[in-house]
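We count ligands from 1, going down the list as the structure has it; atoms in each ligand are counted the same way.
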Amino acid sequence: MTSSRARLTVGVARAWRRRWDRQQERLIPGREERFDAILDAIGRAVGPRFRALDLGCGTGSLTERLLDRYPEARVVALDFDPITLRLGRTALGDRAGRVTWVEADLRDPRWSVSVPAGRFDAAVSTTALHWLTEPELRRVYHRLGDLLRPRGVFLNGDSFGFAPDSKRLARLARAASDAPDPSPGGGESWAAWWRAVLREPRLADEAAMHRARFPGHHERTPTPDLRGHERLLRDSGFREVEVIWGRWRNRVLAAVR
Ligand SMILES: C[S@@+](CC[C@H](N)C(=O)[O-])C[C@H]1O[C@@H](n2cnc3c(N)ncnc32)[C@H](O)[C@@H]1O
C-alpha cells in the first residue's frame with residue numbers, strides 16, 4: 001500500500017498554504033502589516049544575517065517571509081501539528097539548508113530537546129502562543145531566555161488581551177472588529193479550512209495524528225493578557241519589553257534579552 005505521505009505534491013501543499021494565508025488574512029486584519037513590522041524590527045535589532053526560531057510556525061508563513069526578506073538568514077521552524085508542518089515542509093522544503101523543521105510540543109517541559117544546538121539571534125511567533133496556559137508560557141519564555149544570545153530579540157505578533165479592568169476599551173476593540181466573526185459571508189473561515197484539510201485524503205495519516213495530539217484543538221485556552229506576557233518575559237531575564245506595533249488587541253510585543 002502507498003503511504004499518504006508519498007502522494008502530497010508540492011503543488012497541492014502550496015495550494016493548501018495559500019488557502020491558509022487567505023483565511024488568516026480574513027481573521028486577522030493587518031496580518032501582512034504585522035508580518036512587516038516583525039521583519040523590519042528583526043533586521044534593525046540583529047542585522048540581516050541571523051539565526052531565528054519560529055515558535056508555532058504553522059505552514060511556515062512567517063518563516064518564508066523571513067527567508068525571502070533576509071537571504072542570509074536561517075530559521076528553525078517549530079510546530080506540533082503534523083498537518084501544518086507537513087504542508088510547510090512539502091511546499092518550502094529546506095530552502096537550500098536554510099530551514100530546519102522541528103516537531104515539538106510547546107506544552108511539554110522538554111519542548112526544546114529537538115531544537116538544533118546553538119544560540120539564536122532572534123525568536124519570532126505569530127498567532128500561536130495564545131494556545132498556551134500561563135505555566136506553559138512561563139516555561140517556554142524561561143527556556144527562550146537560554147536559547148537567545150545576549151541582546152537577542154523576541155518578537156511575538158498575536159492578539160493580546162486587555163487588562164480585566166479595561167472593560168470599555170475591550171468593548172471598543174470588539175466594535176472595531178478586532179475579533180471579527182471568523183465566518184462572515186465570502187471566503188473561507190479558519191474553522192472551514194480545518195474541516196476541509198482534515199478531510200484531505202493525502203493528509204489522512206497526519207489528520208489522525210492531529211486529532212490525537214490536539215483533542216480539544218478548537219477550544220480556547222485561558223492565556224495571560226498583555227501585562228501577563230510582559231511580566232513573564234521580564235521574569236525570564238528579558239531586560240526590555242515593549243509593544244512596537246498594534247491595532248487594538250492585535251499587537252507585536254518585542255523583548256530584548
Ligand atoms: C493560527 S496558527 C499560526 C501559524 C503561523 N505562525 C501563522 O502565523 O500563520 C497556530 C500554530 O500554533 C501551533 N501550536 C499550537 N499549540 C502548539 C504547541 N503546543 N506546540 C507547538 N505548536 C503549537 C499550531 O499547531 C499552529 O500551527
Side-chain angles (χ1 to χ4, degrees), residues 13-14 16-39 42 52-67 75-89 91-92 99 101-115 122-141 143-144 154-160 179-180 182 188-194 197-198 203 206-207 209-223 245 250-253:
R14 284 188 181 152
W16 278 111
R17 285 182 85 240
R18 276 195 298 276
R19 270 171 78 171
W20 171 267
D21 273 340
R22 277 200 299 271
Q23 55 87 357
Q24 287 288 289
E25 281 155 16
R26 293 181 62 243
L27 187 62
I28 308 157
R31 180 175 183 249
E32 210 55 51
E33 209 185 304
R34 192 177 72 183
F35 279 140
D36 264 347
I38 292 174
L39 295 178
I42 204 169
L53 176 62
D54 183 359
L55 296 172
C57 63
T59 64
S61 303
L62 177 54
T63 287
E64 183 177 29
R65 286 162 178 76
L66 284 169
L67 296 169
V75 180
V76 172
L78 180 150
D79 206 286
F80 193 50
D81 196 303
I83 293 180
T84 55
L85 265 182
R86 173 106 191 267
L87 292 173
R89 269 190 178 124
L92 291 181
V99 190
W101 299 93
V102 170
E103 193 164 328
D105 185 354
L106 291 170
R107 298 167 297 188
D108 180 345
R110 288 166 44 80
W111 66 271
S112 64
V113 291
S114 38
V115 172
V124 293
S125 185
T126 46
T127 329
L129 300 184
H130 61 263
W131 291 111
L132 302 181
T133 61
E134 173 155 352
E136 291 163 349
L137 203 54
R138 178 182 293 281
R139 280 198 304 263
V140 168
Y141 283 170
R143 184 70 191 114
L144 203 54
F154 172 52
L155 295 154
N156 183 15
D158 209 341
S159 176
F160 294 95
E188 190 173 42
S189 68
W190 175 80
W193 186 91
W194 275 107
V197 85
L198 285 166
L203 290 166
E206 286 79 5
M209 262 192 281
H210 165 94
R211 289 190 180 95
R213 287 183 183 179
F214 295 102
H217 180 67
H218 295 170
E219 288 163 17
R220 284 251 147 249
T221 313
T223 193
W245 180 93
N250 179 16
R251 293 176 267 195
V252 175
L253 187 60

(message) Determine whether N156 and L55 satisfy the following criterion, side chain to side chain contact (heavy atoms under 4.5 Å, CB included), listing intermediate values before the conclusion.
(response) CA-CA 9 Å; N156 183 15; L55 296 172; over 6 Å; no
Interfacing atoms of ligand 1 (cut-off 4.0 Å, heavy-atom, [X]):
X    : result
S61  : 9 (O)
R107 : 19 (N)
G58  : 4 (C), 27 (O)
D81  : 25 (O)
T84  : 27 (O)

(request) Have a look at ligand 1 and work out which part of R31, if any, has a heavy atom under 4.0 Å from it: side chain, backbone, both or neither. (result)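 It is the side chain that touches ligand 1; the backbone stays farther off.
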(request) Examine the proximity of ligand 1 to S125 and report which part, side chain or backbone, both or neither, has a heavy atom under 4.0 Å away. (result)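 For S125, no heavy atom sits under 4.0 Å from ligand 1.
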Nearest heavy atoms of [X] and [Y], plus distance in Å:
X    : Y    : answer
W245 : N250 : CZ3-O, 3.5 Å
W190 : W20  : NE1-CH2, 4.1 Å
S61  : R17  : N-NH2, 3.9 Å

So is [X] touching ligand 1 or not, going by heavy atoms under 4.0 Å?
X    : result
A104 : yes
E136 : no
W111 : no
F214 : yes
L62  : no

(message) My understanding is that only one of R26, R14, R65 makes a salt bridge (Lys or Arg N to Asp or Glu O under 4.0 Å) with D21; could you say which?
(response)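 Only one option passes, and that is R65.
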(message) Between T127 and R34, do the side chains contain a donor N or O and an acceptor N or O under 3.5 Å apart?
(response)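 Indeed, the side chains of R34 and T127 share at least one donor-acceptor pair under 3.5 Å.
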Pairs of nitrogen or oxygen atoms closer than 3.5 Å, one from [X] and one from ligand 1: do any exist?
X    : answer
Q24  : no
D54  : no
A128 : no
D79  : yes

(request) Start with the C-alpha gap between L66 and V124, add the side-chain angles, then the distance that decides, and say whether side chain to side chain contact (heavy atoms under 4.5 Å, CB included) holds. (result) CA-CA 10 Å; L66 284 169; V124 293; 4.0 Å; yes
(message) Just to be sure I'm reading this right: ignoring hydrogens, which of F80, W131, W20, W190 gets closest to atom 22 (N) of ligand 1? Compare them by their nearest heavy atoms.
(response)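 That would be F80.
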(message) Rounded at 0.5 Å granularity, tell me how far CZ in R86 sits from OG1 in T59.
(response)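 One gets 14.0 Å once the value is rounded to the nearest 0.5 Å.
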(request) Calculate, to the nearest 0.5 Å, the distance between atoms CG and CD belonging to L27 and E188 respectively. (result)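 Rounded to the nearest 0.5 Å, the CG-CD separation comes out at 12.0 Å.
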(message) Does W111 form a side chain to side chain contact (heavy atoms under 4.5 Å, CB included) with F80? I'd like the steps, not just the answer.
(response) CA-CA 10 Å; W111 66 271; F80 193 50; over 6 Å; no
(request) Check the pair L85 / E206 against side chain to side chain contact (heavy atoms under 4.5 Å, CB included), numbers first and verdict last. (result) CA-CA 9 Å; L85 265 182; E206 286 79 5; over 6 Å; no
